[in-house]
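Every chain is numbered from 1 and lettered A, B, ... according to where its sequence line falls, protein lines coming before strand lines.
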Protein chains: 2
Amino acid sequence: MRPDAEAVAEQVFVALADPSRRALLAALASGGPATATDLAGRLPITRQAIAKHLALLAEAGLVTAEPGERRRVRYRLRSDPMRVAQQFLAALARDWDGPLAALSQHLDDTAPPGAARR
Amino acid sequence: MRPDAEAVAEQVFVALADPSRRALLAALASGGPATATDLAGRLPITRQAIAKHLALLAEAGLVTAEPGERRRVRYRLRSDPMRVAQQFLAALARDWDGPLAALSQHLDDTAPPGAARR
DNA sequence: CCAGCCGGCAACTGATGGGTTGCAACACTA
DNA sequence: TAGTGTTGCAACCCATCAGTTGCCGGCTGG
């Protein structure tokens with residue numbers, strides 16, 4: 001249930017905008033589910049920084065935290081929000097240079113200077 | 001020529017992560033090419049703030065600044081980077097829950113607790 | 001020629017975020 | 001029981017960024 005696909009897309013964009021976070025996701029993708037300490041061994045940042053990123057990613061729904069055996073918490077990738085973001089991107093791009101582009105250029109050509117509101 | 005699609009995608013993500021920037025793009029999409037002052041009339045922020053956002057968007061290739069007749073600079077949408085970002089997203093998501101997911105779960109299942117090195 | 005509008009720097013402030021260190025709590029094991 | 005390893009929380013720098021105000025230069029029009 002996503003009443004606001006834009007919100008989901010925004011979180012995905014925010015998440016993917018950071019190189020560390022992308023590296024984190026890449027590590028999870030290539031190495032499978034892992035814990036924060038585990039990931040800290042592969043990335044040049046501390047475990048706490050990773051935990052923060054994981055929290056943000058979990059908030060965005062890109063990863064899920066599943067409690068493991070001992071006390072280790074394992075993080076697994078979730079691709080569902082990615083699809084939402086993809087659709088958002090596609091819809092956006094479609095609007096831009098779709099029929100609107102021609103219309104815009106037409107308006108641009110015919111609109112008198114004073115016609116622009118305000 | 002994009003030797004690094006990830007860099008383009010990152011800029012797109014950064015650009016789309018900001019609500020003001022999305023509103024800016026939406027205004028451009030619905031109203032056609034416009035100038036910074038024009039856009040300042042439709043958004044609740046000052047012209048200078050808009051100019052900064054436009055500069056960032058231009059840097060990302062999402063808009064192009066074309067000098068108009070008087071001294072007005074018109075900004076037009078460009079959807080090319082969006083496609084790159086889309087492909088980036090698609091490739092990422094494909095890796096996640098592709099064959100790798102099964103492999104990861106397999107490894108996860110068979111690895112004995114003590115087998116974890118260190 | 002002067003007034004007005006428009007656009008582009010420049011400087012400043014406030015907030016946000018990435019990253020670090022430190023510490024406390026808990027589980028397992030020798 | 002002592003020790004080790006792992007997690008979570010909190011406090012704290014530092015950089016960046018969004019947004020503002022102010023000023024100056026250049027067209028345009030009367």
Could you state the interatomic distance from [atom1] ([X]) to [atom2] ([Y]), rounded to the nearest 0.5 Å?
{"X": "A/Leu28", "Y": "A/Leu57", "atom1": "CG", "atom2": "CG", "answer": "8.0 Å"}
{"X": "B/Tyr75", "Y": "B/Leu62", "atom1": "OH", "atom2": "CG", "answer": "13.5 Å"}
{"X": "A/Ser20", "Y": "A/Lys52", "atom1": "OG", "atom2": "NZ", "answer": "12.5 Å"}
{"X": "A/Glu59", "Y": "A/Gln11", "atom1": "CD", "atom2": "CD", "answer": "6.0 Å"}
{"X": "A/Arg21", "Y": "A/Leu43", "atom1": "CZ", "atom2": "CG", "answer": "13.0 Å"}
{"X": "A/His53", "Y": "A/Ile45", "atom1": "NE2", "atom2": "CD1", "answer": "4.5 Å"}

Could you state the atom-to-atom distance from [atom1] of [X] to [atom2] of [N] in whole Å?
{"X": "B/Leu43", "N": "D/dA18", "atom1": "CG", "atom2": "C1'", "result": "14 Å"}
{"X": "B/Phe13", "N": "C/dG17", "atom1": "CZ", "atom2": "C1'", "result": "19 Å"}
{"X": "B/Asp18", "N": "C/dA15", "atom1": "CG", "atom2": "P", "result": "17 Å"}
{"X": "A/Gln11", "N": "C/dG17", "atom1": "CD", "atom2": "P", "result": "12 Å"}
{"X": "A/Leu39", "N": "D/dT6", "atom1": "CG", "atom2": "P", "result": "13 Å"}
{"X": "A/Glu59", "N": "C/dT16", "atom1": "CD", "atom2": "P", "result": "16 Å"}
{"X": "B/Asp38", "N": "C/dC6", "atom1": "CG", "atom2": "C1'", "result": "12 Å"}
{"X": "A/Arg74", "N": "D/dT6", "atom1": "CZ", "atom2": "P", "result": "13 Å"}

Are [X] and [N] close enough that a side-chain N or O sits under 4.0 Å from OP1 or OP2?
{"X": "A/Arg21", "N": "C/dG18", "value": "yes"}
{"X": "A/Ser20", "N": "C/dG19", "value": "yes"}
{"X": "A/Thr46", "N": "C/dG19", "value": "no"}

Exercise. Which nucleotide in the list C/dT20, C/dG18, D/dA18 gets nearest to the side chain of A/Leu56?
Worked result: C/dG18
For this session: Take A/His53 and B/Tyr75, find for each the nucleotide of DNA chain C with the closest heavy atom, and name the residue whose nucleotide sits nearer the 5' end.
Result: B/Tyr75
For nucleotides 22-26 of chain D, list the nitrogen or oxygen atoms of the protein found under 3.5 Å from its nitrogen or oxygen atoms, one pair per line.
unit_1: D/dG22; atom_1: O6; unit_2: B/Gln48; atom_2: NE2; d: 3.3
unit_1: D/dG25; atom_1: N2; unit_2: B/Arg71; atom_2: NH1; d: 2.8

Problem set entry | Polar side-chain contact A/Lys52-C/dG17 base: donor and acceptor under 3.5 Å | no
Problem set entry | Joint cluster assignment, B/Leu16 & A/Val14, ILVMFWY side-chain distance < 4.5 Å | no
